[in-house]
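For reference, the structure discussed in these notes is given below.
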Amino acid sequence: MGIDPKFIGKKWPPLTYEAGKEKIREFAKAIKCADPHFFDDEFAKKTKYGAVIAPPTFAVVYGAQLIEPIFYDNELNLNLTMLVHGEQEFEFYNVVKANDVLTSEATIANIANKEKLDSISIELMTKNQRGEDVCRGVYTFVVRK
Amino acid sequence: MEKSIIAQGASFRVDEFVDKYRAIYYAGASGDFNPIHIDPEFGKMVGLGGAILQGLCTLGFTAKTLTDWLGDPGKLKKLKCRFSAPVHMEDTLTVSGTVTGVSGGRAVVALTVTNQNGIEVLKNVSAEVEA
């Protein structure tokens with residue numbers, strides 16, 4: 001049985017995440033990045049951002065907490081053993097600064113049933129504490145049948 | 001005002017070695033502790049020939065290559081890809097990008113990400129950046 005397309009449009013309650021400076025640095029190190037925008041307070045103060053910022057794909061860190069409950073959603077009942085990450089799309093609006101408080105909301109943007117696989121696209125929209133758009137991420141997972 | 005490096009046809013190419021423990025560092029940083037990434041025995045058991053790197057870590061490397069080239073991480077506005085082949089520890093990835101169009105203050109960068117055997121590990125990779 002495939003993933004039921006009736007769940008397109010389903011939303012989950014928003015979650016907030018505080019972007020700690022050291023977590024930002026840990027993430028930058030993990031992608032082997034040494035850009036002073038992420039590490040050097042003095043350098044960062046002189047940039048147009050005025051503070052340490054996060055690498056764009058730090059979006060994965062504040063996004064992960066929304067994806068997990070969807071994976072384990074009883075109604076959706078995804079077969080996790082057959083699930084792989086198929087496609088990814090990010091749109092970045094405003095940078096994340098250290099100590100920003102980010103609120104993200106997840107919506108099922110699409111479900112497609114094909115002969116050998118199903119796909120499910122989850123859209124995450126993130127705003128900061130000033131109400132500015134930060135990021136739109138679309139995570140598409142493929143479930144083999 | 002510095003002259004922008006972002007012009008039609010401008011390109012870059014960077015190699016990235018995926019060290020033996022990279023997936024573990026990325027697991028800690030991102031929270032993705034799926035055993036297929038951190039447990040080589042599990043990876044073998046499910047037919048992947050060992051542990052594979054998180055696809056989003058490969059995309060993270062790609063974004064890092066772009067933002068290092070741009071000199072300003074805030075200039076990256078859009079990034080997308082399809083995950084087309086697994087990346088194993090001790091692979092060497094090559095990220096190449098070329099500006100294919102500039103208009104209205106934005107530039108489109110077409111990218112390829114291949115392993116040491118020339119296999120594209122990401123496909124349909126493209127970015128939009130502030131020009």
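Each chain gets a letter, A, B and so on, in the order its sequence line appears, and its residues count up from 1.
- Contacts with chain B were tallied for A:T57, A:V95, A:I31; A:I31 has the most, counting heavy-atom pairs under 4.5 Å.
- To the nearest 0.5 Å, atom CD of residue A:E91 and atom NZ of residue B:K77 are 9.5 Å apart.
- Shown here is A:Y93, whose OH atom has more than 12 heavy atoms of other residues, nucleotides or ligands within 6.0 Å.
- Heavy-atom contacts from other residues, nucleotides or ligands closer than 6.0 Å to CD of A:E68 number 12 or fewer.
- Under a hydrophobic-cluster definition in which Ile, Leu, Val, Met, Phe, Trp and Tyr are linked whenever side-chain heavy atoms come within less than 4.5 Å, directly or via other members, A:I8 and A:V138 are assigned to different clusters.
- Proximity to chain B is absent for every atom of A:Y62, based on heavy atoms less than 4.5 angstrom apart.
- Between chain A and the residues B:G74, B:A63, B:S84, the most heavy-atom pairs under 4.5 angstrom are made by B:G74.
- The hydrophobic clustering, which links ILVMFWY residues whose side-chain heavy atoms are closer than 4.5 Å, places A:L78 and A:Y139 together.
- A single hydrophobic cluster is seen to contain both A:Y72 and A:I70, as judged by linkage of ILVMFWY side chains at heavy-atom distances under 4.5 Å, directly or through other members.
- B:D32 does not touch chain A: none of its heavy atoms, backbone or side chain, sits under 4.5 Å away.
- Transitive grouping of hydrophobic side chains (ILVMFWY, heavy atoms separated by less than 4.5 Å) brings A:F7 and A:I120 into a common cluster.
- Atom CZ of A:F58 and atom OG of B:S30 lie 10.5 Å apart (nearest 0.5 Å).
- For residues 34-56 of chain B, heavy-atom neighbours of chain A at less than 4.5 Å comprise B:L56, sorted by residue number.
- Proximity to chain A at a heavy-atom threshold of 4.5 Å picks out B:E16, B:F17, B:D19, B:R22, B:Y25, B:Y26, B:G28, B:A29 from residues 10-29 of chain B, in numerical order.
- Below 4.5 Å, heavy atoms of chain B meet heavy atoms from A:K23, A:E26, A:F27, A:K29, A:A30, all part of residues 14-30 of chain A.
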Would you mind writing out the side-chain donor-acceptor pairs for residues 122-131 of chain B within the sub-3.5 Å range, not counting sequence neighbours?
{"residue": "B:E128", "atom": "OE2", "partner": "B:R106", "partner atom": "NH1", "Å": "2.9"}

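- Counting heavy-atom pairs under 4.5 Å between each of A:P56, A:A64, A:A34 and chain B puts A:P56 at the top.
- With B:R82 as reference, A:E87 is the one residue of A:E89, A:E87, A:H85 to meet the side chain to side chain contact (heavy atoms under 4.5 Å, CB included) rule.
- Summarising the geometry of B:K78 relative to A:F92, their closest heavy-atom pair is N-CD1, 4.4 Å, with the distance given to 0.1 Å.
- Within 6.0 Å of atom NZ in B:K75, more than 12 heavy atoms from other residues, nucleotides or ligands are found, so the atom counts as buried in its surroundings.
- Neither B:I119 nor B:L93 shares a network with the other; the hydrophobic side chains, linked directly or stepwise wherever heavy atoms of I, L, V, M, F, W or Y lie under 4.5 Å apart, form separate groups for each.
- Once rounded to the nearest 0.5 Å, the distance linking CG of B:D72 with CD1 of A:I53 reads 6.5 Å.
- Contact between A:H37 and B:G71 at its shortest, heavy atoms only, is CE1-O, 3.2 Å.
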